[in-house]
Number of protein chains: 2
Amino acid sequence: MSESQSVGFKAIRSPNLVDQVADHLTEAIIVGRFTPGERLSEVGLARSLGVSRAPIREAARLLESRGLLVSQPRRGFFVRALDASELEDIFDLRLCLERHAMERLAHACTAETLAALYRQVGVLCDAAASGSESRRIEEDLTFHRMMIEATGNRRLLKNFDDLAHELRLCITLITKTHEDPDSIADCHHLLLDALESGEPARCREAIDYHIGVARDFVVRSVGESRPLARPH
Amino acid sequence: MSESQSVGFKAIRSPNLVDQVADHLTEAIIVGRFTPGERLSEVGLARSLGVSRAPIREAARLLESRGLLVSQPRRGFFVRALDASELEDIFDLRLCLERHAMERLAHACTAETLAALYRQVGVLCDAAASGSESRRIEEDLTFHRMMIEATGNRRLLKNFDDLAHELRLCITLITKTHEDPDSIADCHHLLLDALESGEPARCREAIDYHIGVARDFVVRSVGESRPLARPH
DNA sequence: TCCGGACAAACTGTCGACAGTCGGCAATCG
DNA sequence: CGATTGCCGACTGTCGACAGTTTGTCCGGA
């Protein structure tokens, strides 16, 4: 986010221009450089990034499949604007995926994965203490991603990764959080304690509570701030 | 599947060439016109479909996001070849999504949706009686799609639709089914009875059994036939 | 003042072409 | 005889350009 977006955006990451454009656009959307509902001009993006329209179009298709953009035929691509209903859907789906992961892990969770998850709670708390909101969100998502990954179901993980992009989209809506690291640690240790107990009912209870808190936080936050989808 | 694939593939459906190409490729993959793992040449496809490479590439990206193709940088696109592990993942994810839908519906399922689902079981049985394997699969998927749709969660539905493409990919692997319509009807009425009872535990039991049967059928079928991913 | 139509600008959909890269084959060397 | 290296063909990644459509604006009339 410190590099300029007009000339060259670090060209040494992937040999694939499409992925670079996709990463760049993703970041721009998440940090709010584009307003929700904004129309993205292909030629404008191509000019500002110094590339042709073809990579732009393919990257846009990629981001559309991830739910960050929506396309209208003959109109172009627009930054996805979430309304309250979609917000509910997203967190409901997250609950669906994570419940499943918790249940799978309740039956079979190795000591190593549990230890790794405990460590991740540590780095999450560090991130929260650092005051960087984006870092905190990212480490939080990493924790949950590790849980999904521990199930060994890569298809499930792919769905979670896609959903994570939309969850990041939510952070452009919330105002401020400044939660203290201790409560964050408690909140996540609750999940790990449930997993360690191996009781499915307790696991389910824990994840329901955890995601319910997150959902309430987001919907309350957007309720206080501006309306989600403002008319152009 | 009766029209030629060399010249023009019915040009009067969508004004969007990309969608037409995507539909065409999807069908070609599902009916097994391409073998799993086969490399798709962009120029070859463009020539045989009579279009440029740009729509081919964008359609391929779309199908990649749906899990029908996989891309290797500088190598091109390949038809997704499912191994046994991925098969397990797919059905596990399906269980995840449908369990969630069943639970949501157990609490609130209107009489209309129940009636619509009963009707769909009827058309599913008709399709099974007709002897057309592809029709039976399609109507079966429609039934489950309607269940998901009844939850009102469109994000959940999108995930199911994506997964449905991979489920269709599975039918290229199975040998033969010739299940009789009666058992199919019983199998689905079990789900609806559970929904009507409103008992979550019974709903969960029913969907677990239902999907377990489908999964066992597929993995057994592929075990009997050829190996899934043959080495090039 | 307001509404309708026509014109112009901008944009998307699609195409053909060029350059860089990868895989396969053959000739050469140890 | 086997391994290596150079070359050739094919293909993907990317680009600029043209055509059709949408959008915004301006002008005329009621």
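Proteins come first, then strands; the chains are lettered A, B, ... in the order of their sequence lines, and each starts at number 1. What you see is a predicted model, and the numbers here were worked out from it, not measured in a lab.
For the pair A:F78 CZ and C:dC11 C1', the computed distance is 11 Å after rounding to whole Å. One atom, CG of B:L45, and another, C1' of C:dT14, lie 17 Å apart when rounded to the nearest Å. What separates CD of B:Q20 from C1' of C:dT14 is a distance of 13 Å, to the nearest Å. Regarding B:D19, its CG atom lies at a distance of 14 Å from the C1' atom of C:dT14, rounded to whole Å. Across the protein-nucleic acid pair, B:E42 atom CD and D:dG13 atom C1' stand 9 Å apart, rounded to whole Å. Distance, B:L49 CG to C:dT14 P: 13 Å, rounded to whole Å. Atom pair A:E58:CD and C:dT12:P shows a separation of 16 Å (rounding to whole Å applied). Counting to the nearest Å, the C1' atom of D:dG13 and the CD atom of B:Q72 are 16 Å from each other.
Nearest heavy-atom pair, A:A81 versus A:E86, reported as atom, atom and distance to 0.1 Å: O-OE1, 3.4 Å.
Of the inter-residue distances, the one linking A:R136 atom CZ with A:D126 atom CG reads 13.5 Å to the nearest 0.5 angstrom. The CG atom of B:N159 sits 8.0 Å away from atom SG of A:C96, with the distance rounded to the nearest 0.5 Å.
Of the side-chain N and O atoms in A:N16, none sit less than 4.0 angstrom from OP1 or OP2 of D:dT12. Between A:R57 and C:dT12 there is no side-chain N or O to OP1 or OP2 distance below 4.0 Å.
Below 30°, between 30° and 60°, or above 60°: for B:H144 and B:H210 the angle between ring planes is between 30° and 60°, a tilted geometry.
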In sequence, state the C-alpha distance, the side-chain angles, and the governing distance for A:E88 and B:R154, and then conclude on salt bridge (charged side-chain N to carboxylate O under 4.0 Å, His left out). CA-CA 10 Å; A:E88 290 286 344; B:R154 294 194 296 180; over 6 Å; no
Show the numbers, then the answer: is there a salt bridge (charged side-chain N to carboxylate O under 4.0 Å, His left out) between A:E98 and A:R94? CA-CA 6 Å; A:E98 298 218 37; A:R94 181 180 175 185; 2.8 Å; yes
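Between B:E58 and A:R57 there is a salt bridge, since at least one side-chain N of the basic residue sits less than 4.0 Å from a carboxylate O of the acidic one.
In this structure, a donor-acceptor pair under 3.5 Å is absent between the side chains of A:N153 and A:H100.
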With 3.5 Å as the limit, what N/O pairs link the protein to nucleotides 15-23 of chain C?
residue, atom, partner, partner atom, Å
C:dC15, OP2, B:S52, N, 2.7

Under 3.5 Å, which donor-acceptor pairs link side chains of residues 62-71 of chain A to any protein atom two or more places apart or in another chain?
residue, atom, partner, partner atom, Å
A:E64, OE2, A:S71, OG, 2.9
A:S65, OG, A:L62, O, 2.7

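Looking at heavy-atom distances under 4.0 Å, B:L40 makes contact with sugar-phosphate atoms alone, never a base.
In the region residues 63-70 of chain B, proximity to DNA chain D at under 4.0 angstrom, judged on heavy atoms, holds for none of the residues.
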